[in-house]
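Residue numbers start at 1 and run along the sequence shown.
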Amino acid sequence: MSGQRSSFAGGDQPYLRDVQYRDPARLAQRANLHATYSTADIAWHAWVSAVYELRASMDVLEAGCGAGWTWAEAATPLPSGISLVLTDLSPGMVETAVERARQTGQFASVTGWTADLQDLPIEADRYDRIIANHMLYHLPDPGRGVAELARVVTADGLVVAATNGHRHMRELWAIRADVFGLSEIDATIEAFGADTGFTILREHFGDIRWRRFEDELHCTDADDVLAYICSTPPGENASQEERRQLRDKIREAIDAGDGVLRVTKDVGCFVCREPLR
C-alpha cells in the first residue's frame, strides 16, 4: 500500500463528512452511471440484499449507510420484524437514509446515528447482520473498522462488506490518469479492495467468502461519464480546461467503441462469519 492516502480513500474524514458526503449529490452522480448503463441481469442492491440472508425479527446494522438505497431497492419482500440501525459519519446521509428506509414500511423500527465505524458506541455481540457497503476504504484505519464489525456482530451472525477489485472502472481511471497524471488503479483498492480487504478481514473472522457481482457498463453519453469522474477528487476540482480534456477523451473512447464505451466492473462482497475475539 502506498504511504500517501487520498482524501477520498480514507485520508480525510472532515472532507468525507462535510464535502463528499454532506448530502447524496456526488454519490448520486456515481450511482446514475451504474443504474443507467448496467448490463447485469439483476440490479446491485437487489443482488447484494439477498446475500445478507435476512430472517424475521433480526437486529441489523448498516455502517456507512450512505443515502439508504440498499433498503429502498432491496429484493422484496423483506422478512418481518427486522429492527434496522443506520450509521454514517455524515449527519446528512443518516437523515436521508433513515427517511428512505422508513418509507418502505418494511421494518419494525428504523433508527439512525452519526458514528465513526472505527469506534462504535455499541456493546459487543449485538447485531445479527452487519452491512458495510463500499465504505471500509474510506476509513483512515480499515483494520480498526473491521475489528469493530467483528466485536459487535453476534457469534453466529454475518458481516457483509462490499468493495471493488483492481480492474474496476479501469477504462475511466485510464482517462482520469491521462488528464491528471494519476495511477490507473483507484486508491480505494489499495485501502480496502478485493485483495487487500481479505488480508485485513482474516485477522478478525474465521470464515470469509468472496461473492462476485457480474456486470459491465455500456456507456453512451459522455456527460454522464464526465459527471462520474468529476464526483470525486481530483475531478471535482477540475478546471474548465481539464474538464474539456476529460470530455474530449471520453468522446474519443465512445467513438472508438462505435458509440459505446464499455467499462469493466470488478465488484462484489465479502461474506464473513465466525468473528474472532
Side-chain angles (χ1 to χ4, degrees), residues 8-9 20-21 24-51 66-76 100 133-135 137 160-180 182-190 192-195 197 210-236 238 242-270:
F8 188 75
Q20 177 61 222
Y21 295 116
R26 288 175 172 83
L27 184 60
Q29 288 178 312
R30 296 192 291 279
N32 174 67
L33 198 75
H34 293 290
T36 303
Y37 301 107
S38 171
T39 59
D41 294 333
I42 183 173
W44 161 259
H45 290 295
W47 179 86
V48 77
S49 64
V51 177
W69 288 318
T70 292
W71 307 108
E73 301 174 19
T76 56
R100 181 166 279 126
N133 193 0
H134 288 95
M135 60 78 60
Y137 47 63
V160 177
T163 190
N164 307 314
H166 276 86
R167 297 181 302 113
H168 189 63
M169 311 298 278
R170 60 185 179 182
E171 294 81 3
L172 301 195
W173 302 148
I175 291 171
R176 185 180 67 174
D178 281 347
V179 174
F180 296 107
L182 302 174
S183 169
E184 294 187 12
I185 304 272
D186 192 48
T188 61
I189 306 308
E190 292 187 347
F192 186 91
D195 296 322
W210 174 255
R211 296 280 303 275
R212 177 177 169 79
F213 178 63
E214 299 294 338
D215 194 10
E216 183 179 73
L217 304 183
H218 289 181
C219 304
T220 56
D221 189 312
D223 287 336
D224 287 342
V225 177
L226 180 66
Y228 185 100
I229 294 175
C230 290
S231 69
T232 60
E236 65 185 14
E242 287 168 334
R243 289 179 68 91
R244 184 194 64 75
Q245 292 179 35
L246 288 168
R247 187 180 286 105
D248 287 349
K249 290 181 180 295
I250 294 165
R251 286 174 174 159
E252 288 172 7
I254 291 174
D255 290 344
D258 294 326
V260 177
L261 169 57
R262 289 169 172 81
V263 179
T264 303
K265 288 188 65 172
D266 185 4
V267 61
C269 61
F270 292 103

- Item | side chain to side chain contact (heavy atoms under 4.5 Å, CB included) partners of E216, counting only residues at least two apart | T39, H218, R262
- List for me each residue that meets side chain to side chain contact (heavy atoms under 4.5 Å, CB included) alongside D258, sequence neighbours excluded, and say none if there are none. none
- Message: Please give me the minimum heavy-atom distance between G165 and I189, naming the atom from each residue.
- Response: O-CD1, 3.5 Å
- Query: So, R211 side chain and F270 main chain: donor-acceptor pair closer than 3.5 Å or not?
  - Reply: no
- Can you sort out the partners of A40 under side chain to side chain contact (heavy atoms under 4.5 Å, CB included), two or more places apart, ordered by chain and number? S38, F213, D215
- Closest heavy-atom pair and its distance - A222, R251: CB-CG, 3.7 Å
- Item | side-chain hydrogen bond (donor to acceptor under 3.5 Å, both in side chains) partners for S183, two or more places apart | none
- Inter-residue atom distance Q29.CD - E236.CD, 0.5 Å rounding: 9.5 Å
- Message: Going by side chain to side chain contact (heavy atoms under 4.5 Å, CB included), name the residues that satisfy it together with E214, two or more places apart in sequence or in a different chain.
- Response: R212
- Where I254 and C219 come nearest, the two heavy atoms and their spacing: CG1-O, 4.2 Å
- Pairing residues for D178 by the side-chain hydrogen bond (donor to acceptor under 3.5 Å, both in side chains) criterion, not counting sequence neighbours: none
- With sequence neighbours excluded, give me every side-chain hydrogen bond (donor to acceptor under 3.5 Å, both in side chains) pair touching residues 42-51. H45-T70
- Query: From I229 CD1 over to L172 CG, what is the distance, rounded to the nearest 0.5 angstrom?
  - Reply: 5.0 Å
- Item | Shortest non-hydrogen separation from G235 to F180 and the atoms involved | CA-CZ, 4.0 Å
- Message: Restricting to salt bridge (charged side-chain N to carboxylate O under 4.0 Å, His left out), what partner residues turn up for R243, sequence neighbours left out?
- Response: none
- Say you draw a straight line from NE2 of H166 to CG of D186; how long is it, rounded to the nearest 0.5 Å? 10.0 Å
- Item | Stepwise side-chain contact (heavy atoms from CB on, under 4.5 Å) check, H168 with T163 | CA-CA 10 Å; H168 189 63; T163 190; over 6 Å; no
- Would you give the length of the straight line joining atom CZ of R176 to atom CE of M169, rounded to the nearest 0.5 angstrom? 10.5 Å
- Message: Tell me the closest heavy-atom pair linking I175 and A253, and the distance in Å.
- Response: CD1-CB, 4.4 Å
- Identify, with sequence neighbours excluded, every residue that meets side-chain hydrogen bond (donor to acceptor under 3.5 Å, both in side chains) alongside D221. none
- Without hydrogens or angle criteria, can the side chains of H134 and N164 be said to hold a donor-acceptor pair below 3.5 Å? yes
- Note on the structure: ring-ring contact (aromatic ring centres under 6.0 Å, His included) filter on H34, not counting sequence neighbours, yields Y228
- Approximate separation, where rounding is to 0.5 Å, of R167 CZ and I185 CD1: 10.5 Å
- Task: Could you tell me which non-hydrogen atom of A67 sits nearest to which non-hydrogen atom of L27, and how far apart they are?
- Result: N-CD2, 4.2 Å
- Using the test side-chain hydrogen bond (donor to acceptor under 3.5 Å, both in side chains), find all partners of E171 that sit at least two apart in sequence or belong to another chain. T264
- Task: Show your reasoning for whether side-chain contact (heavy atoms from CB on, under 4.5 Å) applies to R100 and W69.
- Result: CA-CA 8 Å; R100 181 166 279 126; W69 288 318; 3.4 Å; yes
- Item | Q20 side chain vs S231 backbone, donor-acceptor pair below 3.5 Å | yes
- Query: Tell me the salt bridge (charged side-chain N to carboxylate O under 4.0 Å, His left out) pairs involving residues 222-232, sequence neighbours left out?
  - Reply: D223-R247
- Message: Return the CG to OH distance between L217 and Y37, rounded to the nearest 0.5 Å.
- Response: 10.0 Å
